[in-house]
Protein chains: 2
Amino acid sequence: MPRGLARDHDDKRAAIREGAAAYFAAHGFDRASMAGAAKACGVSKALLYHYHASKEALLFDILYAHLSGLVAVVDAVPEGQPEARLRGLIRAILMKYRYADAEHRLQLDALKALAPDQQAALRGHQRRLVGTLAETIDLLRPGLAEDRLQAATMSVFGMLNWFFLWHRPGKGIGREAYADLVADLVIGGLPGIAD
Amino acid sequence: MPRGLARDHDDKRAAIREGAAAYFAAHGFDRASMAGAAKACGVSKALLYHYHASKEALLFDILYAHLSGLVAVVDAVPEGQPEARLRGLIRAILMKYRYADAEHRLQLDALKALAPDQQAALRGHQRRLVGTLAETIDLLRPGLAEDRLQAATMSVFGMLNWFFLWHRPGKGIGREAYADLVADLVIGGLPGIAD
DNA sequence: AACACTCTTGACCGAGCGGTCGGATATGTA
DNA sequence: TACATATCCGACCGCTCGGTCAAGAGTGTT
């Protein structure tokens, strides 16, 4: 029998995934080269292709791992009063990214670089996140028409996702404080929107 | 004396700018090629370089014209009661893009592709937009610390800018309705956020 | 008419890209 | 030990990209 995978195979694969994610996020996926990613990871370009079939496949691995983690974190938020649950969801999403800004930026930047079926797999995860938040908003502000509920939900994701594009770590408001600000804004504002 | 520029020089230059903006936005600036942009505009690639010095310069022209128009629209919103003014600002921004989604998407996608000094010129316009909105929010919810005021302002831009990434024309909520929803959410929620 | 310059094009170029390959070396299995 | 395969690399390949160029045709100026 031939030898199997090395014991640290998954570790090395994950290390490349994370190193490449940071490099891709810093330079933009399209502008970033596989040669540059290899140098950033401290390995040869050929080794990247030993662990990942292509540049697109590497991107998919990065985004899939990222979104899976996010879904898991959101699923772990306890049930409870709608206000507390919304606050928990918003906090969970923002906190999850404390050490994953690179992956998050990539998601905004590079999703369209993937093949349609790969996009579909990731959008499934995204839809699940949206659905979870929409359920809670529906409890907080019952009676919204479906398109209004969708719009209100997406406006929350807009606030959260936009955060990473203007916030500079160590400057301005912190993550926890911003999470509370968004939660306060939504909880206070939802009752006032039209059906 | 030699002949000067053709009478329709500026028209043709603008036509290329708008055609290229749509093409760039549809494909992503980095993935879009100048050859493709030329074909989309119905001219030769060399002609693009007759009217614009480089791919980056063309992008800068697109974004500068776009942001200038946005600043003009926002400056034209009348003074008045803070609530009405905020509503007017939000409407103005969303409505301005009814026929400029391409340019708006480009702004999110490709700003980092520009040289730092070009980015600075555009960020000056962006700062002016942010400042105008922040002034009105400061009137609606006096006493916010500076970093809270910035965060609240950026959360509004988050809702507005995110709109173009999930909204599909003809499906779901309309632009006017979404503008009102955001204004209601902000006006209702601002009093409830902490100092 | 003569000129200078704009307008427009297809052909072309060097650079950098994603991806491949042959081989060197390490390591688990039999 | 002998073998098969994983692991790793430098060198290489074909292609597309941004950008250039030489030249033809049109046009305002003198």
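Labels below follow one simple rule: chain letters A, B, ... track the order of the sequence lines, proteins then strands, and each chain is numbered from 1.
- Salt-bridge formation is not detected for the pair A/Asp61/A/Arg17: no Lys NZ or Arg NE/NH1/NH2 atom is positioned less than 4.0 Å from an Asp or Glu carboxylate oxygen.
- The end-to-end axis angle of the helix from C/dA1-D/dT30 to C/dA30-D/dT1, rounded to 10 degrees and based on five pairs per end, is 10°.
- A heavy atom closer than 4.0 Å to some atom of DNA chain D occurs in B/Lys45, B/Ala46, B/Tyr49, these being the qualifying members of residues 42-51 of chain B.
- Look at A/Arg85 and A/Glu135 and you find no salt bridge, because none of the NZ, NE, NH1 or NH2 atoms lies under 4.0 Å from a carboxylate O.
- Residues A/Ala53 and A/Arg31 both approach DNA chain C. Their nearest nucleotides, taken by heavy-atom distance, put A/Arg31 toward the 5′ side.
- Salt bridge annotation for A/Asp138-A/Arg148: absent, with no cationic side-chain nitrogen under 4.0 angstrom from a carboxylate oxygen.
- Centroid-to-centroid, the aromatic rings of A/Trp166 and A/Tyr178 come within less than 6.0 Å.
- Under a cut-off of 6.0 angstrom, the local environment of CD in B/Glu146 is sparse, with at most 12 non-hydrogen atoms contributed by other residues, nucleotides or ligands.
- Ring pair B/Phe60/B/His52: centre-to-centre distance not below 6.0 Å.
- For A/Tyr64, the OH atom is loosely surrounded, since the number of other residues' heavy atoms within 6.0 Å does not exceed 12.
- Heavy atoms from other residues, nucleotides or ligands lying under 6.0 Å from CZ of B/Phe164 number more than 12.
- Environment of CZ in B/Arg175: crowded, with over 12 heavy atoms of neighbouring residues, nucleotides or ligands closer than 6.0 Å.
- Rounding to whole angstrom units, NE2 of residue A/His52 and P of C/dT20 are separated by 15 Å.
- As rounded to whole Å, 15 Å separates atom C1' of D/dC9 from atom NZ of A/Lys39.
- A close approach under 4.0 Å does not occur between any side-chain nitrogen or oxygen of B/His9 and OP1 or OP2 of C/dT6.
- B/Met154 CE to B/Leu133 CG: the interatomic distance, rounded to the nearest 0.5 Å, is 9.5 Å.
- For the contact set between residues 11-30 of chain A and DNA chain D, defined by any heavy atom under 4.0 Å, the members are A/Lys12.
- Between the NZ atom of B/Lys55 and the P atom of C/dG16 there is a distance of 16 Å, given to the nearest Å.
- In this structure, CG of B/Asp8 is placed 11 Å from C1' of C/dT6, rounded to the nearest angstrom.
- Residues A/His104 and A/Phe163 place their aromatic rings such that the two centres sit no closer than 6.0 Å.
- Here C/dT8 presents its C1' atom at 15 Å from CE of B/Met34, a figure rounded to the nearest Å.
- Among the heavy atoms of the strands, none lies under 4.0 Å from A/Ala38.
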